[in-house]
Amino acid sequence: MSADVDLLILGGGCAGLSLARELAAFGRASPSVGIIEQRVAYGNDRTWCFWGDAADPGTEPVEHQWRAVTLRAHGHAVTVDCSRHPYQMISARRFYDAALQTIALAPQIRLETGARIVAEPMLVNGLWQVETAAGKRRARQVIDTRPGAAPCAERGSPLLWQSFHGSEVTCEAPLFDPATATLMDFIDDGSHRIVFTYLLPMSATRALIELTVFSAAPVTAAELALPLQRQIRARVGSHPFKVERSEHGILPMGLVPEKTTWRANYLQVGLMHGAARASTGYAFQRIQRWARHCAAELANGAPAVGHAPDRMLMRGMDRLFLSLLRHRPDLAPTLFVRMFQHAAPDSLARFMSDRAALGDTLSLIAALPALPFIRQLGRNFLHAP
């Protein structure tokens with residue numbers, strides 16, 4: 001029994017395609033790769049956003065960027081000039097198209113779509129065997145990017161879940177400002193949750209409008225559908241509009257990973273395994289950094305590597321911030337508005353992008369009120385396991 005490929009990537013989403021795209025650049029130095037993807041065809045099913053760098057535009061196929069961002073709470077608004085670190089968006093359509101074109105030119109990489117895995121991978125005679133509906137695939141290494149079972153309140157023990165449901169709408173009337181993104185427009189819905197609208201205008205007549213919830217338990221698309229419709233109507237008024245597409249997602253925030261048994265040459269990556277920043281849910285840039293690092297290791301003949309853990313200071317800050325949000329969700333509007341109002345815009349962008357230096361971190365700490373965090377630190381200490 002011999003291996004079909006050196007490496008099997010389970011799941012051809014953002015993480016799987018990003019790694020394959022990086023490996024394609026190594027040519028013959030890359031191991032042979034098979035990607036097993038359940039979907040039959042790729043669609044425009046989501047968006048990824050992140051903070052860019054005007055001095056280093058990068059190579060990602062950015063569809064739109066905003067040089068100002070706004071937060072609204074309690075009838076007040078704060079707008080931040082982020083022209084040095086514009087807020088950028090990549091649509092799934094553009095990302096998938098670019099990645100698939102690169103992969104198609106790499107003879108050492110094969111993408112198998114419509115491939116449903118029917119049994120969990122097994123180690124057989126030193127090779128990993130993955131059984132699909134179309135047959136068995138064998139490899140020396142496996143990188144599993146699949147999200148796993150449907151999220152639940154207990155799985156993975158995150159401090160909070162970020163659930164969002166959004167629609168991209170077009171209107172005949174020019175209702176939106178394409179120069180400014182609204183990151184958070186807080187809503188008091190009477191629940192013990194943090195709820196806000198997220199608005200990304202791509203033109204005066206086209207925008208992505210999402211309803212986002214931070215809560216102890218994940219929220220389904222069905223639960224968010226009607227509140228989202230209300231928010232869309234509140235922004236378009238009586239003007240007619242058309243829903244071009246919709247998206248839904250659930251992200252762990254402050255995840256304590258499940259204990260898993262170590263398995264030789266089998267690695268799990270993705271949202272449930274360190275891809276998302278704990279306190280924000282931003283994942284795209286972290287996935288790209290991981291993909292570059294992992295591809296370089298594989299091309300040098302080394303084993304695959306997972307997502308790099310956050311620094312201890314960052315982990316501690318994220319955990320304290322999220323535990324305060326979980327205990328006192330009513331403080332969230334004030335905390336976020338103060339953060340954006342008083343922290344230096346460049347420091348804020350670098351912090352959100354995991355590129356913060358010590359001075360950036362201190363800038364954010366100084367922008368926030370100390371007393372709620374001191375109290376929460378005491379609560380965390382008293383309830384520590």
Side-chain angles (χ1 to χ4, degrees), residues 69-80 151-154 157-166 181-199 209-220 223-232 234-235 249-256 276-282 314-343 348 351-352 361 363-384:
V69 295
T70 294
L71 278 79
R72 291 188 176 89
H74 307 311
H76 301 286
V78 55
T79 298
V80 176
C152 63
E154 294 78 22
S157 303
L159 282 166
L160 289 171
W161 290 97
Q162 179 180 159
S163 309
F164 58 89
H165 186 54
T182 299
L183 296 188
M184 292 176 154
D185 187 350
F186 287 94
I187 303 164
D188 183 1
D189 68 348
S191 68
H192 194 69
R193 307 183 303 182
I194 299 164
V195 184
F196 57 89
T197 303
Y198 177 62
L199 174 64
I209 302 174
E210 286 190 350
L211 189 67
T212 302
V213 177
F214 294 174
S215 56
V219 186
T220 66
E223 293 174 89
L224 294 176
L226 184 57
L228 173 63
Q229 290 178 25
R230 295 193 188 106
Q231 293 306 311
I232 294 174
R235 279 152 182 79
I250 298 173
L251 305 173
M253 302 179 72
L255 180 69
V256 177
R277 172 70 187 279
S279 58
T280 64
Y282 288 115
M314 199 63 66
R315 290 202 304 271
M317 287 180 60
D318 283 351
R319 186 161 188 83
L320 178 60
F321 187 66
L322 289 172
S323 59
L324 177 58
L325 292 182
R326 177 167 177 151
H327 182 75
R328 290 289 308 275
D330 58 299
L331 291 178
T334 299
L335 294 177
F336 280 104
V337 168
R338 283 195 57 163
M339 186 189 304
F340 276 76
Q341 191 169 28
H342 297 293
L348 192 63
F351 183 83
M352 295 286 187
T361 303
S363 175
L364 262 74
I365 292 174
L368 294 169
L371 187 57
F373 290 93
I374 293 172
R375 289 173 173 167
Q376 186 60 43
L377 194 62
R379 281 191 290 266
N380 290 356
F381 179 77
L382 290 174
H383 294 93

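What's counted below: heavy atoms across the whole structure, side chains too, no hydrogens, waters or symmetry copies.
For Phe186, the ring pair (Phe, Tyr, Trp, His ring centres under 6.0 Å) test picks out Phe196, with sequence neighbours left out. Considering only residues two or more places apart in sequence or on other chains, Thr220 meets the side chain to side chain donor-acceptor pair (under 3.5 Å) condition with Glu223. Under the side-chain contact (heavy atoms from CB on, under 4.5 Å) criterion, Leu377 pairs with Leu320, not counting sequence neighbours. Gln162 meets the side chain to side chain donor-acceptor pair (under 3.5 Å) test with no other residue; sequence neighbours excluded. For Arg72, the salt bridge (Lys or Arg N to Asp or Glu O under 4.0 Å) criterion is met by no residue, not counting sequence neighbours. Annotation: salt bridge (Lys or Arg N to Asp or Glu O under 4.0 Å) contacts of Asp189 (sequence neighbours excluded): Arg193. With sequence neighbours excluded, no residue forms a side chain to side chain donor-acceptor pair (under 3.5 Å) with Thr361. Applying the salt bridge (Lys or Arg N to Asp or Glu O under 4.0 Å) test to Arg375 and every residue at least two apart in sequence or in another chain returns nothing. Residues passing the side chain to side chain donor-acceptor pair (under 3.5 Å) test with Thr280: none are found, sequence neighbours excluded. Every residue two or more places apart in sequence or in another chain that forms a ring pair (Phe, Tyr, Trp, His ring centres under 6.0 Å) with Phe321 is listed here: Phe336. Residues meeting the side-chain contact (heavy atoms from CB on, under 4.5 Å) test with Ala276, sequence neighbours left out: Leu271, Ala283.
Using a 4.5 Å cut-off on side-chain heavy atoms (C-beta onward), Leu251 and Phe164 make contact. Two residues are said to be in side-chain contact when any heavy atoms from C-beta on lie closer than 4.5 Å; Leu382 and Arg379 fail this criterion. Taking 4.5 Å as the limit, every side-chain heavy atom of Leu211 sits out of range of all side-chain heavy atoms of Arg230. Within the 4.5 Å cutoff, side-chain heavy atoms of Arg235 are placed close to those of Asp185.
Across Ala343 and Leu364, no two heavy atoms sit closer than the pair CB-CD1, 3.9 Å. Residues His342 and Ala367 share a closest heavy-atom pair of CB-CB, 3.7 Å. Counting all heavy atoms, side chain and backbone alike, Ser279 lies closest to Met253 at O-CE, 3.3 Å. Residue Pro158 comes nearest to Arg326 through the heavy atom pair O-NH1, 3.8 Å, listed as atom of the first residue, atom of the second, then distance. Closest approach of Ala216 to Leu160, counting heavy atoms only: N-CD2, 4.1 Å. Between Arg277 and Met314, the shortest heavy-atom contact is NH2-SD, 3.1 Å.
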Discussion item. Apply side chain to side chain contact (heavy atoms under 4.5 Å, CB included) to residues Leu325 and Leu331 and explain how you reach the verdict.
Written reply: CA-CA 7 Å; Leu325 292 182; Leu331 291 178; 5.9 Å; no
Worksheet item: Stepwise, does the side chain to side chain contact (heavy atoms under 4.5 Å, CB included) test hold for Met317 with Ile365?
Response: CA-CA 9 Å; Met317 287 180 60; Ile365 292 174; 3.9 Å; yes
Worksheet item: Between Tyr198 and Leu183, is a side chain to side chain contact (heavy atoms under 4.5 Å, CB included) present by the stated rule, with each step listed?
Response: CA-CA 5 Å; Tyr198 177 62; Leu183 296 188; 3.9 Å; yes
Item to complete: Please report the C-alpha distance between Leu71 and Gln341 in whole Å, then the side-chain angles of each, then the deciding distance to 0.1 Å, and finally whether the side chain to side chain contact (heavy atoms under 4.5 Å, CB included) criterion is met.
Response: CA-CA 9 Å; Leu71 278 79; Gln341 191 169 28; over 6 Å; no
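Every pair tested for side-chain hydrogen bond (donor to acceptor under 3.5 Å, both in side chains) that includes a residue from residues 209-218 fails, sequence neighbours excluded, so the list is empty.
Once rounded to the nearest 0.5 Å, the distance linking CE of Met184 with CD1 of Ile194 reads 7.5 Å. Summarising the geometry, atom CD1 belonging to Ile209 is positioned 9.0 Å from atom CD belonging to Gln231; distances are rounded to the nearest 0.5 Å. Going from atom OG1 of Thr334 over to atom CE of Met339 covers 11.5 Å, rounded to the nearest 0.5 Å.
Checking Thr79 against Thr70 by side-chain atom types alone, a donor-acceptor pair falls below 3.5 Å.
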